[in-house]
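Notes follow the structure.
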2 protein chains.
Amino acid sequence: MKVTINEIAKEAGVAKSTVSRYLNGGRISPRTSEKIRRVVEAHNYEPNSFARSLKSKKTGFIGVVAPALDSFVTSKILIKIDEELRATGFTTLIINTSHSIDRELESLQNLQRQKVDGMILFATEITPAHLELFSELTIPLLVIGQEAKRTHCIVFDDYQAGYEMGKYIASAGHADISYIGVHEADEAVGQRRKQGVKDGCKDHGAETFSFFESGFDFNSAIAAAGKSLAETASTALICATDTIALGAMRVAREKGYRIPEDLAISGFGGYTVSEMIHPSLATIAFNYQETGSLAARTIEKMIQSEPVDFLQRPGFSLRPGESIKGKK
Amino acid sequence: MKVTINEIAKEAGVAKSTVSRYLNGGRISPRTSEKIRRVVEAHNYEPNSFARSLKSKKTGFIGVVAPALDSFVTSKILIKIDEELRATGFTTLIINTSHSIDRELESLQNLQRQKVDGMILFATEITPAHLELFSELTIPLLVIGQEAKRTHCIVFDDYQAGYEMGKYIASAGHADISYIGVHEADEAVGQRRKQGVKDGCKDHGAETFSFFESGFDFNSAIAAAGKSLAETASTALICATDTIALGAMRVAREKGYRIPEDLAISGFGGYTVSEMIHPSLATIAFNYQETGSLAARTIEKMIQSEPVDFLQRPGFSLRPGESIKGKK
DNA sequence: CTCCTTTATGGAACCGGTTCCATTTTTAGA
DNA sequence: TCTAAAAATGGAACCGGTTCCATAAAGGAG
């Protein structure tokens, strides 16, 4: 419990520097090595990580800053990151900012002060303040979810994912389509995903494409989808996330639409629950496992100063569901 | 960035011990205090937390061991714990064991070695190995979710919650009720919750009470609920979790039952998604916020060696839903 | 069996704080 | 104004490791 390197050294009859060398894989004669091994094992000795970090300047910590812990996407990626980093001897320090941009910036600075070896940021929006902070950072930083100039990023191919979904819906015979999206401050989802959906629809026979803005939450989705149903004659609602799609389903049902007969609905995200409900939701499932392990490997490379591409894109796949029926 | 207490001391013209005292609230004359404050602020100085921990034996870390990060219940409680601990200057070290009992035990030991100030365990099952480990621990430990002898625990009142639900369903006029539960290795959910449901049903007019065992996952829920529908004439299915209830809904619908007209279904957990779907799910919502902050306050007290009750129970409330209709 | 080169080992300084103790400065009581 | 007690400060040891450097032991060539 409280045994130190000094006691190990004394008991093994060697200098503490020798024990330190033994622990860190330095050159040791087989004889001494064996002596030390015995004592270490007898006491179940583990070096004090604080003393170790103090001198070596390496903490073995990787900070992960996320806007929420109860988000499907975040938790899936996080789990994988944590798993892989643990396997290579790092400890993930998870910081939850509860969607506060200020706490996000503050957390990055704190992590830098705490001297973590690297940090990963789950970004929803990149503000000028972010960019300024990024440029001052002396510790490797990896951003997930949004693109930023001169910064290492892992971002889903939102344009392509949107395009596939637009194509899928339009090809199913829908000519009048509404997209329930989010604010364009979120470049990835608010801009690129939307543009992809729009292009995919237009390129595959859709005549009308209407846009309604929602937040990421259920209630604002209900409002936005309600507005869409009142103002358009769309036969399909493409929603920017699965949660928004659930809101759309709710309001559609309340207004008497049958899904998918009267109205097709789709989402993005591939949440587990989307296949558990009825009708199951057609959606785009991003490859979260791949994302997580890519992130872990990337930050490790960055720490070792190995070269890494600034932009990396994990894959995705379209997951069909009962919420859409071919019309042809 | 790399400024140390020595440089601060030199620049302020005092001894480093004085700076240390200033930082930790010791007695300092207003004059010196002001001098030091200036220099500290000019450099944006932050003491090295490793050096600090090394000598003071306090790390400011609290380890939290959880079987999963993508669980609704865990994440809700975790967020609150993290928030409260952060406010009082602690850092939560979140460890995910991916449901492995071995990794759970191992993690507790690692945390002890890492010299965290306290630890919190989200338990699903207390094995003899757990009890043995608990007794060897020299660091405050708080268990959430299960009861253990001579250990500080925060546990939902599963019996009472079960009783309320049983009463609610039976009182609605259901005489033949099935309970889709989980294995009794999980004392809280597998034993107490089940017994509560049973007693609640029996005490309020139910004639038949059948039990079917499921796992916590969607697919085994489908199997168990399917079996129940095939083998009984139950008009209500009480499920041990909301996820299980979703499985029951799926299989019921496939077999042509209308919910709630032909079959009432309820869950436990109060997941967010349960009120987003149709029909919305009647469920028991435990007070997760309360649980989280209770846990944070409790572990802090334990660290300060203040007395705390061994067993504490956060509240819950029954949340009605469209999945149940009064029959009378 | 020397002498020189490697390889092992020990000793000491150092990392950046905290804390105990001795010394100096203030404050206050007489 | 002098003195004792309280408050403030400085100095040094210490926390538990890592690492540099010097020395000792071992290995190899001649």
Side-chain angles (χ1 to χ4, degrees), chain A residues 1-40 43-61 89 91 110 112-117 138-139, chain B residues 1-40 43-61 89 91 110 112-117 138-139:
Chain A
M1 181 63 2
K2 36 177 28 178
V3 49
T4 75
I5 197 173
N6 285 294
E7 324 192 41
I8 298 292
K10 192 162 58 180
E11 197 165 324
V14 298
K16 63 195 262 193
S17 51
T18 306
V19 178
S20 175
R21 238 171 268 125
Y22 165 85
L23 294 169
N24 297 290
R27 323 189 134 306
I28 301 277
S29 76
R31 223 181 1 263
T32 20
S33 181
E34 175 60 19
K35 277 193 303 186
I36 298 176
R37 193 186 59 71
R38 276 199 152 69
V39 184
V40 165
H43 290 71
N44 215 321
Y45 167 73
E46 281 279 330
N48 178 315
S49 53
F50 295 96
R52 177 172 275 192
S53 300
L54 178 57
K55 179 72 180 183
S56 70
K57 306 287 189 191
K58 300 231 170 277
T59 62
F61 279 116
T91 300
N110 284 340
Q112 162 136 302
R113 289 214 189 85
Q114 291 226 11
K115 308 197 191 316
V116 298
D117 293 343
T138 57
I139 291 173
Chain B
M1 183 63 359
K2 33 176 34 176
V3 49
T4 76
I5 198 174
N6 285 295
E7 324 192 41
I8 298 292
K10 193 162 58 176
E11 199 165 322
V14 299
K16 63 194 261 195
S17 49
T18 305
V19 177
S20 175
R21 238 172 269 125
Y22 166 84
L23 294 169
N24 296 290
R27 327 186 131 306
I28 301 279
S29 75
R31 223 181 0 263
T32 349
S33 181
E34 175 58 20
K35 278 194 302 186
I36 299 176
R37 193 185 58 71
R38 276 199 152 71
V39 183
V40 165
H43 289 71
N44 215 321
Y45 167 72
E46 281 280 330
N48 180 315
S49 52
F50 295 96
R52 177 172 277 191
S53 301
L54 178 56
K55 177 70 179 181
S56 69
K57 305 288 188 189
K58 300 230 169 277
T59 62
F61 279 117
T91 300
N110 284 340
Q112 163 136 300
R113 288 214 189 86
Q114 291 227 11
K115 307 196 193 313
V116 297
D117 293 342
T138 56
I139 290 173

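Here is how names work: the chains are called A, B, and so on, in the same order as the sequence lines, proteins then strands, and each is numbered from 1.
Between B/Lys115 and B/Thr59, the shortest heavy-atom contact is O-CG2, 2.9 Å. The two residues B/Ala9 and B/Ala15 make their nearest non-hydrogen contact at CB-C, 3.8 Å. Of all the heavy atoms in A/Phe50 and B/Ser53, the pair that sits closest is CD2-CB, 3.6 Å. Minimum heavy-atom separation, A/Asp117 to A/Ile139: O-CG2, 3.7 Å.
Looking at residues two or more places apart in sequence or on another chain, you find a side-chain contact (heavy atoms from CB on, under 4.5 Å) between A/Thr32 and A/Val14, A/Ile28, A/Ser29, A/Lys35. For A/Phe61, the ring pair (Phe, Tyr, Trp, His ring centres under 6.0 Å) criterion is met by B/Phe61, not counting sequence neighbours.
Atoms OH and CD1, from B/Tyr45 and B/Ile36 in turn, are 11.0 Å apart once rounded to the nearest 0.5 Å. Atom CD1 of A/Ile5 and atom CZ of A/Arg52 lie 8.5 Å apart (nearest 0.5 Å). Annotation: the span from A/Thr138 atom OG1 to A/Gln112 atom CD amounts to 3.5 Å, rounded to 0.5 Å.
Here B/Tyr45 lies in heavy-atom contact (under 4.0 Å) with sugar-phosphate atoms only. Contacts of B/Lys57 with the nucleic acid, taken as non-hydrogen atoms under 4.0 Å apart, involve only primed sugar atoms and P, OP1 or OP2. Across all strands shown, B/Ser17 has heavy atoms under 4.0 Å from base atoms, whether or not it also approaches the sugar-phosphate.
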So which protein N/O to nucleotides 5-8 of chain D N/O distances come out below 3.5 Å?
none

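When side chains are defined from C-beta on, A/His43 counts as touching A/Glu11, because their heavy atoms get closer than 4.5 Å.
Each of A/Thr18 and B/Ala51 was matched to the nucleotide of DNA chain D holding its nearest heavy atom; the match closer to the 5' end belongs to B/Ala51. Along DNA chain C, the nucleotide nearest to B/Arg31 and the one nearest to B/Leu54 differ in position, and the one closer to the 5' end is contacted by B/Leu54.
With A/Lys16 as the fixed residue, the side chain to side chain contact (heavy atoms under 4.5 Å, CB included) test singles out one of A/Thr4, A/Asn6, A/Ile8: A/Asn6.
The nucleotide range of DNA chain C contacted by chain A, defined by atoms under 4.0 angstrom from heavy atoms of the protein and reported 5' to 3', is C/dA8 to C/dG16.
Contact check on B/Arg37 versus B/Glu34 returns a salt bridge, with a Lys/Arg side-chain nitrogen under 4.0 Å from an Asp/Glu carboxylate oxygen.
Contacts between residues 6-14 of chain B and DNA chain C, counted as heavy-atom distances below 4.0 Å, involve no residue at all.
Across the helix from C/dC1-D/dG30 to C/dA30-D/dT1, the helix axis at one end is tilted relative to the axis at the other end by 30° (nearest 10 degrees, each axis from five pairs).
A donor-acceptor pair under 3.5 Å is absent between the side-chain atoms of B/Ser49 and the main chain of A/Gln114, judged by distance alone.
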